[in-house]
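Please read the structure below before turning to the comments.
The figures that follow rest on heavy atoms only: side chains count, while hydrogens, waters and symmetry mates do not. Chain A is the first sequence line, chain B the second, and so forth, proteins listed ahead of strands; every chain is numbered from 1.
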Amino acid sequence: MSEKRPPEVKRRDNRAWWLVLPVVLSVAFTAVIPLMTVVNYSVQDVFSPNDRIFVGLEWFRDVTRDPEVRAAFGRTLLFSAQVLLVEIPLGVAIAATMPRHGRVAVPAALVVVALPLLIPWNVVGTIWQIFARPDIGLGGWAVNRVPGVNFNYTLDATDAWITVLVMDVWHWTPLVALLAYAGLRSIPDPYFQAAQIDGASAWATFRHVQLPRLRGVLTIAILLRFMDSFMIYTEPFVVTGGGPGNATSFLSILLSKIAVGQFDLGPAGAFSLLYFLVVQIACYVFFTVLTRSGR
Amino acid sequence: MTDIRLEGVGHSYDGGRTWALRPTTWTWRGSRAYALLGPSGCGKTTLLNIVSGLLSPTTGRIWFGDRDVTGVPTAGRNIAQVFQFPVLYEEMSVYDNLAFPLRNRGLGRAETDRRVREVSRLLGLDEHLRRRSRRLDPGRQQIVALGRGLVRPDVAAVLLDEPLTVVDPAVKWALRSKLKEIHRDTGHTLIYVTHDQTEALTFADEVVVLNEGRIVQAGEPGELFLSPAHEFVGHFIGSPGMNVLPGELAGGVVRVGGTALGRASGDLPPGPVRVGVRPEFVRLGAGHGGLNGLTGRVTGVDRMGAYDLVHAAVDGHPLVVRAEAGAAVTVGEAEPLSFAEGRAFLFRDAVRCGVVEPLDGRPGA
C-alpha cells in the first residue's frame, strides 16, 4: 500500500515582471528611443525636416570606406592600446607600492592617488592645455629646457599625441591604481607570510601571490579604460581640438565634427551605430578572454 | 633535531601596554610533537609567528640550538608553517607548489625534482602532482601546504596553526593520523596550535596550555587531565570541566560550607581556598572511600547515553558528577557525595597549592 504523494505543482506567477517595468521605461526613454532616432537617420538622407529620402545602407557603406574615418579609427585603436599598455602596469605598480597598513599612511596615499579622478574632464583638458604650452606652461617649458628637445604640441603631431597620452595617463592611471589596490588589500596576510617562509623574492611574491588575485579587478580596469579611451572626446578637444592637422582627431572628435559641425545626420547616424558596435564587440571579447583564461 | 629555546620572549602589539604574549622562557625539545592549546586570543598564533620569524618579539631572544635567530628573517630560519586555511599558489600545479621554495633558494633542477618526489611520496600526493592546486579539496590543499614546508632540507620545525579548521570533520581524523605518521617518519619538531582539546590530547607528546599570554601548564595529556596545575587547565581540558568549590582552610582542615572535607597536604597558611575536582572523580551515594562528608542537592540530570551528568548544588555552588548511565537520582533530593582520593586539589589565585587528603590521615581509607 504505497501512498503516492501528488507531485508538487509549482505555480507559475509572472507578476514579478511588473517590477522590471520602471527600468524598462527609463531605459527606453533615455537610451532605446534616442538610439532609434539615430537608426532612423542612418538610413535616410535628410535635406530638411520635411524633405528626406530613404537610402538604405548607403551611409554605412560610405562611412566604412571613408579614408578619414578609417584613419581616425586607426588612431583611436592605437591610442587605446597605448593607454592600456601604460596605465594597467603603471596602476598596478603604484598600487603595489602603496602602504598596506597605517592609520595616516593609507588614507593619505588614497587621497593623493585619487586627486586626478576628482577633476572634471574639461578642466583636466584646460590644465594640460596650459601646462604643456612651451611659452607659459610649466611642463612644456621644462621639457624644452632639455637640450635637443623642441616641444610644441600646437605645431608638432607627435608632441600633440604625446601630450594627450600623458594627460590621459595622469588622469586615469589612479583609477587602475585604486582598483588594483582594493584587489591587493583583499589578499589575506598568510599568503604573504607563506611567501616569506618559502623565501620568495619581492618579484616572485608579486608574480605568484598578488597578480593571480588581481584578475577580477584588472578585468574591470581593462574594460573601463578601453571603453573610456576608445571614446575619448573632451580632453583632446580642449587641448588640441583634434590637431595639428588630424593628428589627434579621434573617432569621437571626427563624429561630432560630422554630426554637429557639418550637420550630416545620415552619415553621423551610421557612424554612431558602427562605433557603438565596435565598442560592444571589443568589450565582449576582452571580457570573455579575461574571464576564461582564469579557469 | 635542535631544540628551540625562548628566552624571556614576550610580545606586545601596543607598545607595552598589554602583552599578547607575556615574557616567557620555554624550550621546544627537538623531534617532539607539541600541541599548543588555548582559547582564541590567548597568544597562540603570536607565539607561533615569533618562532617562525613572521613577528619580531618585543623582548627576549630565540635560539635554534646554539644559534641566536632573534634577528634572522623568516626565510633564514627553515621553518615550515601551515596556516588556518590552505595557502597555496593557486595557479600553479601541485608539483610547482612543492618546488617553489626550492627554486627560490636556487636549488638545481635534478635536486629539486628528487626532493619534490620524495615529499610527494611521503604525503601521498603522487597522483595529484600535475593537477592545479586550487582544484584539490581543502584537506589535500593543506597537505600540499604542509609539503611546501617539508620539502626543504634541514627543516628546523613544523608549525601548524589550527590547520584542520577548514577540513571536513570526517576527514579530520584521517589527516591527523597522517600528521602523526609524518612526524614519526621525519622526526621533525612539531608545534600544533589548536583550541580543540581532543585534537591536542590525541595528537601530541606534550600539551602546552596557554592562557592570557602565559603558559599555565605543560605536560603529557594524561597529566593535564589528572593533575591540573592551574584552574584554567581544569576548566579548559575535560568535558565538562573541573568543578570548583569555594572553601576555607583552618587548622589544616579544608571546609566547604562549614563541612569538613579533608586535610590539606603540606603546610599551607590558613584562609580561603578553592577546591577543584573533576566530575569523573565525584561519586554519588554513601559508602565509597575517599573524601566524604559533602552532600549535594540534585538540580538536574543530563542523560548523555553512555553516561549521565548529574548536576547538584553544594552549599549553593554548582557541581557536576559524571555518573553511570541510568543513575538513580531524583531531582530535588540531597545525595551524599564522595571525591576520589588524590583527585581533589586546592587552588589559590588559580594556581594549585595542594591536595585534599582524607581527614583521618590514613592513605586509601
Side-chain angles (χ1 to χ4, degrees), chain A residues 88-89 92-93 95-97 99-107 179-222 286-295, chain B residues 13 45 48-56 72-93 96-107 132-135 141-142 144-152 155-159 161-163 165-166:
Chain A
I88 300 294
V92 172
T97 53
R100 250 174 91 81
H101 303 287
R103 250 179 234 170
V104 182
V106 170
L179 283 169
Y181 183 67
L184 291 178
R185 277 285 292 267
S186 71
I187 303 173
D189 282 334
Y191 282 91
F192 294 101
Q193 296 173 337
Q196 238 177 301
I197 289 170
D198 291 339
S201 61
W203 169 251
T205 307
F206 173 73
R207 172 67 191 77
H208 298 295
V209 175
Q210 298 181 303
L211 203 55
R213 286 163 179 278
L214 286 180
R215 180 182 307 282
V217 287
L218 286 188
T219 303
I220 294 174
I222 289 173
F286 270 131
F287 186 77
T288 314
V289 169
L290 287 170
T291 45
R292 288 250 171 99
S293 68
R295 276 180 221 147
Chain B
Y13 289 101
T45 300
L48 213 61
N49 287 347
I50 286 174
V51 172
S52 59
L54 293 172
L55 209 59
S56 204
V72 176
T74 303
R77 293 197 190 184
N78 275 342
I79 287 282
Q81 189 163 356
V82 179
F83 298 89
Q84 278 189 25
F85 56 92
V87 175
L88 297 171
Y89 304 101
E90 292 172 1
E91 89 287 6
M92 292 189 201
S93 67
D96 289 338
N97 260 280
L98 293 177
F100 188 65
L102 301 179
R103 289 176 182 156
N104 286 333
R105 282 169 173 76
L107 219 66
R132 265 209 194 184
S133 56
R134 86 167 83 166
R135 295 188 194 227
Q141 289 184 333
Q142 280 295 43
V144 175
L146 175 65
R148 258 203 348 260
L150 295 178
V151 77
R152 281 173 295 161
V155 176
V158 180
L159 313 184
D161 190 354
E162 310 203 24
T165 314
V166 291

task: To the nearest 0.5 angstrom, please state how far the CD1 atom of A/Ile197 sits from the CZ atom of B/Arg77.
output: 10.5 Å
field: Most contacts with chain A, counted as non-hydrogen pairs under 4.5 angstrom, among B/Pro101, B/Ala75, B/Gly76
entry: B/Pro101
query: Is atom CZ of A/Phe287 surrounded by more than 12 heavy atoms (other residues, nucleotides or ligands) closer than 6.0 Å?
result: no
query: When heavy-atom pairs shorter than 4.5 Å are enumerated against chain B, which of A/Pro190, A/Ala200, A/Ser201, A/Pro212 gives the highest number?
result: A/Pro190
query: Are the side chains of A/Pro188 and B/Phe83 in touch, meaning some heavy atoms are under 4.5 Å apart?
result: no
message: For a quick test of reading the model, state the closest non-hydrogen atom pair linking A/Asp198 to B/Arg105 and the distance between them.
response: O-NH1, 3.0 Å
task: Under the side chain to side chain donor-acceptor pair (under 3.5 Å) rule, collect the residues that match up with A/Gln210, sequence neighbours excluded.
output: none
message: For B/Phe100 and A/His208, take the angle between the two ring planes, folded into 0 to 90°, and tell me which bin it lands in: parallel under 30, tilted 30 to 60, perpendicular over 60.
response: perpendicular
message: How close do A/Ala194 and B/Val87 get, counting heavy atoms only, and between which atoms?
response: CB-CG1, 3.5 Å
- line: salt bridge (Lys or Arg N to Asp or Glu O under 4.0 Å) filter on B/Arg103, not counting sequence neighbours, yields B/Asp96
query: Given a strict heavy-atom distance threshold of 4.5 Å, which part of B/Glu90 is in contact with chain A: side chain, backbone, both, or neither?
result: side chain
task: Could you tell me which non-hydrogen atom of A/Tyr191 sits nearest to which non-hydrogen atom of B/Leu88, and how far apart they are?
output: CE2-O, 3.6 Å
